[in-house]
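Some notes on the structure that comes next.
Side chains are part of it too, since the values below use all heavy atoms of this structure and drop only hydrogens, waters and symmetry mates.
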Amino acid sequence: MLVALSSDQEALRSTTARFLDDRMPVATIRGLRDNAAGFTEEYWSQAAQLGWTAMLVSEDHGGGTVSGSPLTDLSLIGYEIGLRAAPGPFVPVNVVAETLSAEGSAAQLEVLEQLMSGTATAAWAYAEPAPHDALGTVQTTIRVDGDDLVIDGVKRPVENAGHATHLLVTGRTGEDLSQVLVPAGAEGMTIEELTSADLTRRFATVRLDGVRVPREAAVGEIGGAAQRVTRQLHVALALHDAETVGAINRAFELTLGWTADRYSFGRPIASYQEIKHRMADQVTWREAAHAITDAAIVALDAGAPDAAELIHAATAFVGEYGGEMLQDCVQIHGGIGVTFEHDLHLFLRRVTVNRATYGTPAEHYRMVGKLASRAVA
């Protein structure tokens, strides 16, 4: 995604591209439509061996990155995933892996090792259903009861919840936030699969009715997770944005090729002024999406003071104009653009789901306004 990649970053990007081209051609992705998990264990294990799940993990715990900028490097993988609408619990596993690397106990570090090896996957139970579905709203409770923690609440949508070995649950302890690593199948937890627009992304509703876990299951300090949760959200948004940029780039390429191949009244439709104007708009949106996403991810890696504002701005822009661009691509394709046989819908689905996960564009615009007003004050 960056204008200039280092040789190590280019090697990472090209290796990822070759792996996905070999293991996840379009025909394979279509075949995963009826797969319960949306991906195969073999595929995810091989992806983990390529470092997909270790870049946000410290070297002390077996992780590492190719350039010293872990989120930037990971975004290169996210871009290639989006470019092919490839499957896998890429975002939730990395969010949980980074958190366990930073704050996990000895037992939780064993789970981290499984995540990095690809033998286990995780989910982040963060978002909640209406009327508590506004970005950042957490009503699930995590209360201390002697040597145990008791969790009550509902989380939705939770990516990969039905197939994860562990769920990182974000909840409220009084006025503060806490997080707990809960094994799948814990007593009192029920998981209801949801229907997803994306062919390979699986989401679920997670109900937690008096789920009781040892106090040692807490990740980090009880009541002291607010800053970590903010970091998790920023990472999730960054990786989603990178994926979305890849998806809109592929949709643009498909549409540009179509305008040259599709003839109307004896001439390619690319020669008509209306189509030229619409494609010019798409170029502008695509390049702006690249630029603002890159800027936000680099700022997050550097710990820049405006990083939060930039990532919310990027998510708002990519969500709004990415969705607009994909709809325009469908319209320019005409009838074939709404058929299942054409590849375009794969990228429309990915962009549509990404823009509705972890907040809507409108919510991120509001966040930009709040952060900007605080900076001025």
Side-chain angles (χ1 to χ4, degrees), residues 12 15-16 18-20 22-24 28-29 31-32 34-66 70-71 73-74 77-78 80-81 84 86-126 155 158-169 179-187 189 191 193 200-204 206 211 213-214 216-220 232 235-236 239 243:
L12 171 66
T15 299
T16 301
R18 288 195 302 271
F19 170 73
L20 288 172
D22 178 60
R23 295 307 309 274
M24 282 296 149
T28 300
I29 292 174
L32 291 170
D34 299 319
N35 181 290
F39 63 95
T40 64
E41 292 182 3
E42 181 186 11
Y43 160 76
W44 189 248
S45 176
Q46 291 175 343
Q49 291 172 24
L50 292 176
W52 287 22
T53 58
M55 292 195 180
L56 299 182
V57 176
S58 69
E59 292 184 2
D60 291 341
H61 295 139
T65 181
V66 300
L71 194 56
D73 294 342
L74 198 58
I77 297 174
E80 295 297 328
I81 289 173
R84 295 160 181 82
F90 177 67
V91 173
V93 168
N94 276 291
V95 167
V96 176
E98 184 185 45
T99 300
L100 295 183
S101 174
E103 300 185 337
S105 64
Q108 291 164 352
L109 291 178
E110 294 180 6
V111 176
L112 174 60
E113 291 180 4
Q114 296 169 17
L115 296 180
M116 289 194 293
S117 68
T119 58
T121 63
W124 180 30
Y126 172 65
K155 295 292 187 178
V158 182
E159 184 180 350
N160 193 47
H163 310 282
T165 56
H166 294 80
L167 287 80
L168 179 64
V169 179
Q179 297 200 107
V180 180
L181 189 67
V182 183
E187 185 176 354
M189 178 193 295
I191 298 176
E193 293 286 351
T200 61
R201 287 284 162 81
R202 303 292 181 259
F203 296 85
V206 179
V211 174
V213 294
E216 292 74 24
V219 181
Q232 291 167 195
V235 169
L239 298 181
E243 276 195 19

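- Shown here are the salt bridge (charged side-chain N to carboxylate O under 4.0 Å, His left out) partners of Glu80, two or more places apart in sequence or in another chain: Arg13, Arg84.
- Without hydrogens or angle criteria, Lys155 side chain to Tyr126 main chain gives a donor-acceptor distance under 3.5 Å.
- The main-chain N or O of Gln114 is found under 3.5 Å from a side-chain atom of Ser117 such that the two form a donor-acceptor pair.
- Taking all atoms of both residues into account, the shortest heavy-atom contact from Val211 to Met189 is CG2-N, 3.7 Å.
- The side chain to side chain contact (heavy atoms under 4.5 Å, CB included) test with Thr99 is passed by exactly one of Leu56, Val235, Val219, Leu181: Val219.
- Here the shortest heavy-atom pairing between Ala161 and Ala204 reads CB-CB, 3.9 Å.
- Put simply, CD on Glu113 and OG1 on Thr53 are 12.0 Å apart, with the number rounded to the nearest 0.5 Å.
- Residues Gln179 and Gln232 have side chains that bring a donor and an acceptor to within less than 3.5 angstrom of each other.
- Nearest heavy-atom pair, Met116 versus Val57, reported as atom, atom and distance to 0.1 Å: SD-CG1, 3.7 Å.
- Note that CZ of Arg201 is 10.5 Å distant from CZ of Phe39, once rounded to the nearest 0.5 Å.
- In this structure, the side chains of Thr40 and Leu32 come closer than 4.5 Å at one or more pairs of heavy atoms.
- Checking side-chain atoms of Gln108 against main-chain N and O of Ala218 turns up a donor-acceptor pair under 3.5 Å.
- In this structure, the side chain of Thr165 does not engage the main chain of Ala120 through any donor-acceptor pair within 3.5 Å.
- Here the straight-line distance linking atom CG of Leu109 with atom CD of Glu103 works out to 11.5 Å at 0.5 Å rounding.
- For the pair Ser45 (side chain) and Glu41 (backbone), a donor-acceptor distance under 3.5 Å is absent.
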### Task
Apply side chain to side chain contact (heavy atoms under 4.5 Å, CB included) to Trp44 and Val93, showing your working.
CA-CA 11 Å; Trp44 189 248; Val93 168; 4.2 Å; yes
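- Note that CG of Asn35 and OG1 of Thr28 are 11.5 Å apart. Values are rounded to the nearest 0.5 Å.
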### Query
Do Leu71 and Leu239 pass the side chain to side chain contact (heavy atoms under 4.5 Å, CB included) test, and can you show the C-alpha distance, the side-chain angles, and the key distance before you say yes or no?
CA-CA 8 Å; Leu71 194 56; Leu239 298 181; 4.1 Å; yes
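- Ile191 CD1 to His163 NE2: the interatomic distance, rounded to the nearest 0.5 Å, is 9.0 Å.
- For an aromatic pair to be called close, the ring centres must be under 6.0 Å apart, and Phe19 with Trp52 satisfies this.
- What you find for Ala97 and Leu112 is that their closest heavy atoms are O-CD1, 3.5 Å.
- Contact record, Thr121 with Pro89: CG2-CG, 3.9 Å, taken as the closest heavy-atom pair.
- Minimum interatomic distance between Val158 and Trp124 (heavy atoms only, all atoms of both residues): CG1-O, 3.7 Å.
- Atom CE of Met55 and atom CG of Asp73 lie 6.0 Å apart (nearest 0.5 Å).
- Crowding of Glu193 atom CD: a count of heavy atoms from other residues, nucleotides or ligands under 6.0 Å exceeding 12.
- A donor-acceptor pair under 3.5 Å links the side-chain atoms of Tyr43 to the main chain of Pro87, judged by distance alone.
- Listed by chain and number, the residues in a salt bridge (charged side-chain N to carboxylate O under 4.0 Å, His left out) with Glu216 amount to none (sequence neighbours excluded).
- No donor-acceptor distance shorter than 3.5 angstrom exists from the side chain of Asp22 to the backbone of Arg18, with no hydrogens or angles considered.
- The closest donor-acceptor contact from the side chain of His61 to the backbone of Ser101 lies under 3.5 Å.
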